[in-house]
2 protein chains.
Amino acid sequence: MAVKSEHIPKATIARLATYIQVLSEFKREGTDVVSSERLAEACSVNSSQIRKDLAYFGEFGVRGVGYYVQELITSIKRSLGIDRAWNCALVGVGNLGRALLRHREFSRKGFIIRGAFDCDPYKIGEVVEGMEIVCSRQLPAKVKELGLEIGVITTPPERAQRAANYLIGAGIKGIINFAPARIAVPKHIHLEYVDFFHYFYAAAFHIRFDDTRD
Amino acid sequence: MAVKSEHIPKATIARLATYIQVLSEFKREGTDVVSSERLAEACSVNSSQIRKDLAYFGEFGVRGVGYYVQELITSIKRSLGIDRAWNCALVGVGNLGRALLRHREFSRKGFIIRGAFDCDPYKIGEVVEGMEIVCSRQLPAKVKELGLEIGVITTPPERAQRAANYLIGAGIKGIINFAPARIAVPKHIHLEYVDFFHYFYAAAFHIRFDDTRD
DNA sequence: AAGAATCTGTTCCAAATTTCACAAATTCCA
DNA sequence: TGGAATTTGTGAAATTTGGAACAGATTCTT
């Protein structure tokens with residue numbers, strides 16, 4: 001599935017994820033066809049926003065009818081590149097790492113954590129959720145052996161850069177960094193920062209702002 | 001701390017959180033003063049972006065000098081409203097809920113989970129991380145008693161709306177929804193959705209995109 | 001079968017956001 | 001002390017994003 005346009009806004013990608021979520025709900029409820037208007041309402045966005053977001057990737061609707069729910073889900077998934085499984089490496093098996101390893105939703109959504117790595121000798125060899133923790137030095141071998149493409153960093157902040165270096169050296173294509181630290185990567189590596197405190201900060205700011213106003 | 005401007009972009013709030021993170025790193029390294037240029041580089045943004053983001057809230061720098069690191073951290077925290085503690089209620093003590101309850105970083109960052117709620121009779125009374133799980137029906141009483149302001153939803157998706165209703169009825173001011181479901185709230189309630197699969201989708205999309213190009 | 005009704009895809013315009021560029025303020029150094 | 005070197009804060013330009021409006025395609029109705 002090719003994209004029609006050169007650059008696609010980050011915000012569009014984020015919304016597509018929301019559309020999938022809501023469309024899946026529609027599907028469960030037994031709705032077969034949905035208009036951009038109805039989908040827009042459920043997603044709290046403008047309906048032309050939806051049509052425009054989809055237009056980046058192709059024409060998925062039928063004029064006068066709307067979008068076939070299942071078909072649209074499939075199209076969006078293909079557009080995002082999540083119509084197949086992605087093999088992931090998790091580096092740093094602390095509290096957060098363990099929580100992610102236990103989180104069943106990952107494999108359900110097609111992100112399969114196939115390797116758990118740590119450089120702590122006390123952790124190496126331990127089995128978490130049926131997966132043996134392996135020394136980070138084995139990353140190059142394992143990345144090749146298992147076809148790992150996405151690296152997930154869940155180390156303490158001070159070890160995030162080293163984890164990234166291991167992953168990059170091992171030939172990973174993208175990194176999702178849960179550690180609260182900025183890291184440097186070559187520009188051909190796709191990097192995403194995950195920090196849910198951002199959401200708490202935003203909430204605090206807006207609530208506080210409400211208070212200030214009156 | 002009053003804001004100088006009416007509306008502040010969501011993206012600015014997100015970046016301020018990043019600035020704090022990087023500034024804290026500078027502080028640990030012993031750097032006392034930093035220029036917008038240097039901070040910008042560490043955050044991978046434009047330096048006037050930083051100056052403009054800060055200008056929404058006030059004048060924190062010294063011309064010809066830069067910003068005093070500690071002072072700027074304090075100013076940003078005050079601007080965001082995180083210069084004080086926020087009492088939180090967590091609803092839904094499943095895998096994710098337990099992981100968050102165990103996550104020490106919350107109280108370190110000033111978001112203190114003071115109540116854990118669930119409507120499963122088997123869970124009620126259980127103690128997690130020193131906190132007793134309480135029936136969701138007790139939310140109104142507990143919100144008043146403990147001064148809870150932010151609700152954190154970590155239920156399965158089908159119970160997210162009910163959790164939200166309980167929280168809203170109990171007088172909470174903001175909701176952070178970790179459940180993969182859209183929820184409806186009155187507009188005076190601030191609502192944030194957290195879904196880290198968004199980041200995985202974005203990574204998948206960009207990696208796949210790279211592949212497509214050559 | 002033709003006209004009304006519906007709903008997408010897209011163009012055009014407005015609003016918001018980012019970046020540039022420079023005046024104003026401060027420090028450094030001779 | 002005065003002029004060079006910095007570096008912020010900000011107005012204006014450039015870019016990006018979002019929304020309104022409408023032509024084009026499809027279905028419904030009589």
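Keep in mind it's a predicted model, so treat the numbers as computed, not measured. Just the heavy atoms: all of them, side chains too, but no hydrogens, waters or symmetry mates, feed the values below. Letters A, B, ... mirror the listed sequences (proteins, then strands); counts begin at 1.
- Rounded to whole angstrom, the span from the NZ atom of A:Lys10 across to the P atom of C:dT18 amounts to 13 Å.
- Here the side chains of A:Leu54 and A:Leu16 are in contact, with some heavy-atom distance below 4.5 Å.
- Contact check, A:Ser36 against C:dT8: a side-chain N or O comes under 4.0 Å of OP1 or OP2.
- Within the structure, a side-chain polar atom (N or O) of B:Arg15 is placed less than 4.0 Å from OP1 or OP2 of C:dT18.
- The line from CZ of A:Phe178 to OH of B:Tyr199 is 9.0 Å long, rounded to the nearest 0.5 Å.
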* Determine, step by step, whether A:Tyr193 and A:Ile183 satisfy the side-chain contact (heavy atoms from CB on, under 4.5 Å) criterion, reporting the C-alpha distance in whole Å, the side-chain angles of both residues, the deciding distance to 0.1 Å, and the verdict. => CA-CA 9 Å; A:Tyr193 290 95; A:Ile183 56 180; 3.9 Å; yes
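- Side-chain contact between A:Tyr56 and A:Pro9: present, with at least one pair of heavy atoms (C-beta onward) separated by less than 4.5 Å.
- Between B:Phe117 and B:Tyr166, the distance from one ring center to the other does not fall under 6.0 angstrom.
- Between B:Arg78 and B:Phe57 there is no side-chain heavy-atom pair separated by less than 4.5 Å.
- We find that CZ of B:Arg38 is positioned 11 Å from P of D:dT7, with the value rounded to whole Å.
- Between A:Gln49 atom CD and C:dT10 atom C1' the separation is 14 Å, expressed in whole Å.
- For A:Tyr67, no side-chain nitrogen or oxygen approaches OP1 or OP2 of C:dT6 to under 4.0 Å.
- Of all nucleotides listed (D:dG9, C:dT10, C:dT18), C:dT10 comes nearest to the side chain of A:Ala55.
- In summary, the side chains of B:Glu71 and B:Ser75 do not present any donor paired with an acceptor at a separation below 3.5 Å, with no hydrogens or angles considered.
- A:Asp53 places its CG atom 7 Å from the P atom of D:dG18, with the value rounded to the nearest Å.
- Considering every non-hydrogen atom in both A:Ala203 and B:Ile176, the closest pair reads CB-CD1, 4.0 Å.
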Using nucleotides 28-30 of chain D, report all nitrogen or oxygen pairs with the protein that are shorter than 3.5 Å.
none

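- The residue among A:Thr12 and B:Val34 whose nearest nucleotide of DNA chain D lies closer to the 5′ end is B:Val34.
- Computed from coordinates, the A:Ile8 CD1 to D:dT16 P distance equals 14 Å when rounded to whole Å.
- Spacing between atom CD of B:Glu37 and atom C1' of D:dA5 amounts to 15 Å, rounded to whole angstrom units.
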Provide a list of protein-nucleic acid N or O atom pairs under 3.5 angstrom, restricted to nucleotides 20-22 of chain C.
| unit_1 | atom_1 | unit_2 | atom_2 | d |
| --- | --- | --- | --- | --- |
| C:dC20 | OP2 | B:Asn46 | ND2 | 3.1 |
| C:dA21 | N6 | B:Arg51 | NH2 | 3.3 |

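- When rounded to the nearest whole Å, the span between CD1 of B:Ile13 and P of C:dT17 equals 11 Å.
- Taken from OG1 in A:Thr12 to CD in A:Gln49, the straight-line distance is 6.5 Å, to the nearest 0.5 Å.
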Protein and nucleotides 25-30 of chain C: nitrogen or oxygen contacts under 3.5 angstrom:
| unit_1 | atom_1 | unit_2 | atom_2 | d |
| --- | --- | --- | --- | --- |
| C:dT26 | O4' | B:Arg63 | O | 3.2 |

* Asked: Should B:Lys10 and B:Glu192 be marked as a salt bridge (Lys or Arg N to Asp or Glu O under 4.0 Å) after you check the CA-CA gap, both sets of side-chain angles, and the distance that decides it?
  -> CA-CA 11 Å; B:Lys10 215 178 158 64; B:Glu192 295 277 335; 3.6 Å; yes
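- The distance between the ring centers of B:Phe197 and A:Phe106 falls below 6.0 angstrom.
- Atom-to-atom, CG of A:Leu16 to P of D:dT17 comes out at 14 Å; the value is rounded to the nearest Å.
- You'll find the side chain of B:Tyr19 reaches within 4.5 Å of the side chain of B:Val45, heavy atoms only.
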